[in-house]
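Along the sequence shown, residues are numbered consecutively beginning with 1.
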Amino acid sequence: MTTAPGFVVETSQAAGYFGSRWRGEVNLNQLYWRDMMIVGSVINLFTGFIALMIAAQGGELWVAAMVHFATLPYNVFLVLALWRTPGRSRFMAWTSLVWLGTVTML
């Protein structure tokens, strides 16, 4: 628990989405299966589809590329957070790299 003038902040609540994952405070299965494999894949499919539509409609290719690669920092964050989480299996670690390569290229 952290205190500041006038109020008390619970550390776990103040951590937020990114902080809790970076510090390994999130359940490993939740990080791998829900955050990366399901939510991350859906986000990447959606942005890839939007990028494809931009290119197909005659839009600037650099705009389509920017849309496609906009999720790359989030994807790298998820993989690094997984690799930092204690107790990860070798399967999870290596398939997260395969997932990163796949969603980056598709």
Side-chain angles (χ1 to χ4, degrees):
M1 187 177 326
T2 306
T3 59
F7 59 93
V8 175
V9 178
E10 290 289 330
T11 305
S12 61
Q13 291 175 344
Y17 179 86
F18 293 101
S20 61
R21 279 146 183 82
W22 189 251
R23 287 189 298 275
E25 297 170 354
V26 174
N27 181 306
L28 189 59
N29 286 325
Q30 177 183 340
L31 175 62
Y32 181 77
W33 290 108
R34 190 191 77 184
D35 295 346
M36 187 182 316
M37 294 299 172
I38 296 172
V39 175
S41 295
V42 168
I43 290 170
N44 282 285
L45 287 172
F46 179 72
T47 58
F49 178 75
I50 298 299
L52 184 61
M53 289 297 102
I54 291 170
Q57 296 296 320
E60 297 288 336
L61 289 180
W62 68 270
V63 174
M66 291 294 287
V67 170
H68 175 72
F69 291 112
T71 57
L72 188 58
Y74 178 67
N75 296 338
V76 170
F77 165 77
L78 287 176
V79 171
L80 291 176
L82 181 89
W83 276 72
R84 290 173 48 94
T85 303
R88 72 184 181 287
S89 68
R90 292 178 75 187
F91 173 79
M92 284 182 174
W94 291 107
T95 55
S96 70
L97 292 177
V98 172
W99 174 83
L100 179 62
T102 302
V103 298
T104 300
M105 293 299 133
L106 292 180

Please report the interatomic distance [atom1]([X]) to [atom2]([Y]), rounded to the nearest 0.5 Å.
X	Y	atom1	atom2	value
Ser41	Asn75	OG	CG	8.5 Å
Gln30	Ile38	CD	CD1	11.0 Å
Asn29	Arg88	CG	CZ	14.5 Å
Leu82	Leu100	CG	CG	11.5 Å
Thr85	Leu80	OG1	CG	10.5 Å

If you take all heavy atoms of [X] and [Y], which pair is closest and at what distance?
X	Y	answer
Val26	Ser20	CG2-OG, 3.5 Å
Ala51	Ala64	CB-O, 3.2 Å
Pro86	Leu28	O-CD2, 4.5 Å

task = Flag the pair Trp99 / Asn44 as yes when at least one side-chain heavy-atom distance between them is below 4.5 Å, and no otherwise.
result = yes
task = Could you check whether the rings of Tyr74 and Phe18 sit parallel, tilted or perpendicular, using 30° and 60° as the cut-offs?
result = perpendicular
Connected via hydrophobic side-chain network under 4.5 Å: [X] and [Y]:
X	Y	answer
Ile43	Phe46	no
Val39	Met37	yes
Ile50	Leu72	no
Val67	Val76	no
Leu45	Met105	no

In a table with atom names and distances, give each donor-acceptor pair under 3.5 Å that connects a side chain of residues 90-98 to protein atoms at least two apart or in another chain.
from: Thr95; atom 1: OG1; to: Tyr32; atom 2: OH; distance (Å): 2.5
from: Thr95; atom 1: OG1; to: Phe91; atom 2: O; distance (Å): 2.6
from: Thr95; atom 1: OG1; to: Met92; atom 2: O; distance (Å): 3.3
from: Ser96; atom 1: OG; to: Trp83; atom 2: NE1; distance (Å): 3.2
from: Ser96; atom 1: OG; to: Met92; atom 2: O; distance (Å): 3.4
from: Ser96; atom 1: OG; to: Ala93; atom 2: O; distance (Å): 2.5

request  = Check the surroundings of atom CE in Met53: do more than 12 heavy atoms from other residues, nucleotides or ligands lie under 6.0 Å from it?
outcome  = yes
Residue list, side chain to side chain donor-acceptor pair (under 3.5 Å) with Thr104, at least two apart or on another chain = none
query = Can you pull the salt bridge (charged side-chain N to carboxylate O under 4.0 Å, His left out) pairs that have at least one residue in residues 31-60, sequence neighbours excluded?
reply = Arg21-Asp35
